Number of protein chains: 2
Amino acid sequence: MSRPVEFDRDQAVQKAVHLFWQRGYQATSLTDLLDAMGLSRSSFYGAFGDKRGLFVECLDVFAARNQAILQRARDRKPPMAALRSYFERNFGQTADPDLHFGCMLVNTVIELAAIDQGLCDLAGRHLKTVQDLFEACLGDAGAEPGESKQAAAFLMMVHEGARVSDRQRISIPDQLARINTAFGYVEGSMAARIELGR
Amino acid sequence: MSRPVEFDRDQAVQKAVHLFWQRGYQATSLTDLLDAMGLSRSSFYGAFGDKRGLFVECLDVFAARNQAILQRARDRKPPMAALRSYFERNFGQTADPDLHFGCMLVNTVIELAAIDQGLCDLAGRHLKTVQDLFEACLGDAGAEPGESKQAAAFLMMVHEGARVSDRQRISIPDQLARINTAFGYVEGSMAARIELGR
DNA sequence: ATCTTTCTGGAACGGTAGGTCCATAATTAT
DNA sequence: ATAATTATGGACCTACCGTTCCAGAAAGAT
């Protein structure tokens with residue numbers, strides 16, 4: 001019917017996610033994006049509308065990828081081990097500085113809180129979904145409803161804090177130690193409750 | 001000797017802190033600053049060098065103010081109560097949305113990690129000073145050296161996480177509940193050690 | 001081969017960014 | 001009063017921002 005698109009859309013979005021993740025929304029210029037994605041201005045606007053539209057798409061992609069990591073761990077391991085491995089994978093495992101950009105959702109909340117409420121809320125909703133996953137894991141691990149809710153909120157706070165440390169290039173062992181401390185608290189508290197006969 | 005300055009420098013810096021704190025570095029334009037500070041371009045460049053120079057000064061002011069809050073609580077209350085009140089004051093007490101901008105130091109780390117390493121490191125050093133204060137309080141409360149170090153790192157992570165939640169306009173009771181959970185873990189762990197006779 | 005449709009490269013747009021410059025105003029020292 | 005010095009307001013500069021526009025290239029349909 002007409003001339004076909006010349007670039008791989010998914011691949012271009014992946015490149016954009018990487019850039020936005022690393023540099024944030026404001027500091028990533030259209031020129032940066034065009035260079036990384038390898039397409040011209042016209043193609044860009046034809047395919048994505050505008051910069052903000054692309055960013056929304058990137059947030060969704062990032063969130064889906066993130067949730068998939070946790071969900072997959074949950075399918076394969078005991079619930080607490082899945083949670084731990086999610087944290088460790090996200091914050092410790094790799095020494096590649098190219099992967100220590102913190103969490104794109106957290107970064108977005110902080111950067112855009114007073115700038116673009118729509119984007120900030122979208123990122124917040126994605127974070128809430130992750131927190132719900134935390135809660136489900138804790139429930140699987142034997143926590144009572146109130147307990148799992150409380151602990152999930154706590155773990156989300158730890159998650160966010162860890163992402164901040166991550167951006168400061170804290171050492172990997174220190175990071176793992178902090179995570180271990182946090183999980184020790186949660187598991188200890190759950191164990192204590194069970195030991196006391198609920 | 002010559003014409004005197006017409007504006008109150010300290011007061012102007014306070015205004016700038018407020019703006020930077022709320023909107024971040026990049027999203028705060030020189031025009032915004034000039035309007036808020038009430039001075040002209042020439043006076044601005046004469047007094048502060050450039051935008052980045054002013055930002056450095058604002059980071060220092062913010063950090064000093066922040067540390068003073070904790071230090072004052074420490075002088076007046078038992079150590080754990082001082083820590084708790086610092087967290088509660090920063091995150092819970094006020095419903096005024098004008099004070100829920102998160103922590104300027106945390107915001108800076110996140111926003112500028114990949115943009116301006118110098119500013120990011122400066123904010124990180126200020127955060128480290130706060131963490132040292134946490135450690136001192138925990139030591140006063142009877143923690144052993146290793147324990148206080150570990151718990152201080154943990155509390156800093158909580159601190160950073162809470163600041164992120166703060167920017168998402170989480171409800172005050174929820175915020176206080178999370179903080180209470182975190183402190184409950186720390187205090188419970190310390191109490192357990194003491195009960196077992198170290 | 002022609003028509004139609006969509007995609008593409010690049011020039012161009014208005015707006016705003018941070019920063020400079022200069023003539024003038026205000027002060028102190030003489 | 002005048003000279004010396006510094007502060008101030010505002011015009012001006014260059015660079016870059018996100019976005020639009022248009023002429024032309026590339027494909028399918030007839």
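Fair warning: this is a prediction, and the values are worked out from it, not measured in the lab. All chains are named by letter (A, B, ...) in the order of the sequence lines, taking the proteins before the strands, and each is independently numbered beginning at 1.
Remark: S40(A) is in phosphate contact with dG9(C), judged by side-chain N or O atoms under 4.0 Å from OP1 or OP2. Applying the 4.0 Å criterion to OP1 and OP2 of dC7(C), one finds that S43(A) has every side-chain N and O outside that range.
Spacing between atom CG of L30(B) and atom P of dG10(D) amounts to 16 Å, rounded to whole angstrom units. Distance L33(A) CG to dT19(D) P: 11 Å, rounded to the nearest Å. The CG atom of D116(B) sits 14 Å away from the P atom of dG18(C) (whole-angstrom rounding). Atom pair L34(A):CG and dT8(C):C1' shows a separation of 12 Å (rounding to whole Å applied). Atom CG in D35(A) sits roughly 13 Å away from atom P in dG9(C) (whole-Å rounding). If you measure from atom CG of L39(A) to atom P of dT8(C), you get 8 Å, rounded to the nearest angstrom. Separating the OH atom of Y45(A) from the P atom of dA12(C) is a distance of 18 Å, rounded to the nearest angstrom. Rounded to an integer number of Å, the gap from F44(B) CZ to dG18(C) P is 9 Å.
Nucleic acid contact class of S29(A) (heavy atoms, under 4.0 Å, all strands): sugar-phosphate only. Residue F7(A) is classed as a sugar-phosphate contact, given heavy-atom separations below 4.0 Å to backbone atoms only.
Among the nucleotides dT8(D), dG19(C), dT8(C), the one closest to any side-chain atom of K51(B) is dG19(C).
Sequence order on DNA chain C of the closest nucleotides to R41(A) and T31(B) puts R41(A) first from the 5' end. Nucleotides of DNA chain D nearest to S42(A) and T28(A) differ in position, and the one nearer the 5' end is that of T28(A). Both D32(A) and G49(A) sit near DNA chain D, but only D32(A) has its closest nucleotide nearer the 5' end.
Under the ring-ring contact (aromatic ring centres under 6.0 Å, His included) criterion, Y45(A) pairs with no residue, sequence neighbours left out.
A distance of 5.5 Å separates CG in L105(B) from CZ in F62(B), rounded to the nearest 0.5 Å.
Of the N and O atoms on the side chains of S29(B) and D32(B), at least one donor lies less than 3.5 Å from an acceptor on the other residue.
Paired with H18(B) under the rule side-chain contact (heavy atoms from CB on, under 4.5 Å), one option of K15(B), Q14(B), Q22(B) passes, and it is Q22(B).
Rounded to 10 degrees, the angle separating the terminal helix axes of the helix from dA1(C)-dT30(D) to dT30(C)-dA1(D), each built from five base pairs, is 0°.
For S43(B) (side chain) and L39(B) (main-chain N/O), no donor-acceptor pair under 3.5 Å exists by modelled atom type. R23(B) places no side-chain N or O within donor-acceptor distance of the main-chain N or O of T28(B), the cut-off being under 3.5 Å.
When the shell of 6.0 Å around CD of Q11(A) is examined, it contains 12 or fewer heavy atoms from other residues, nucleotides or ligands.
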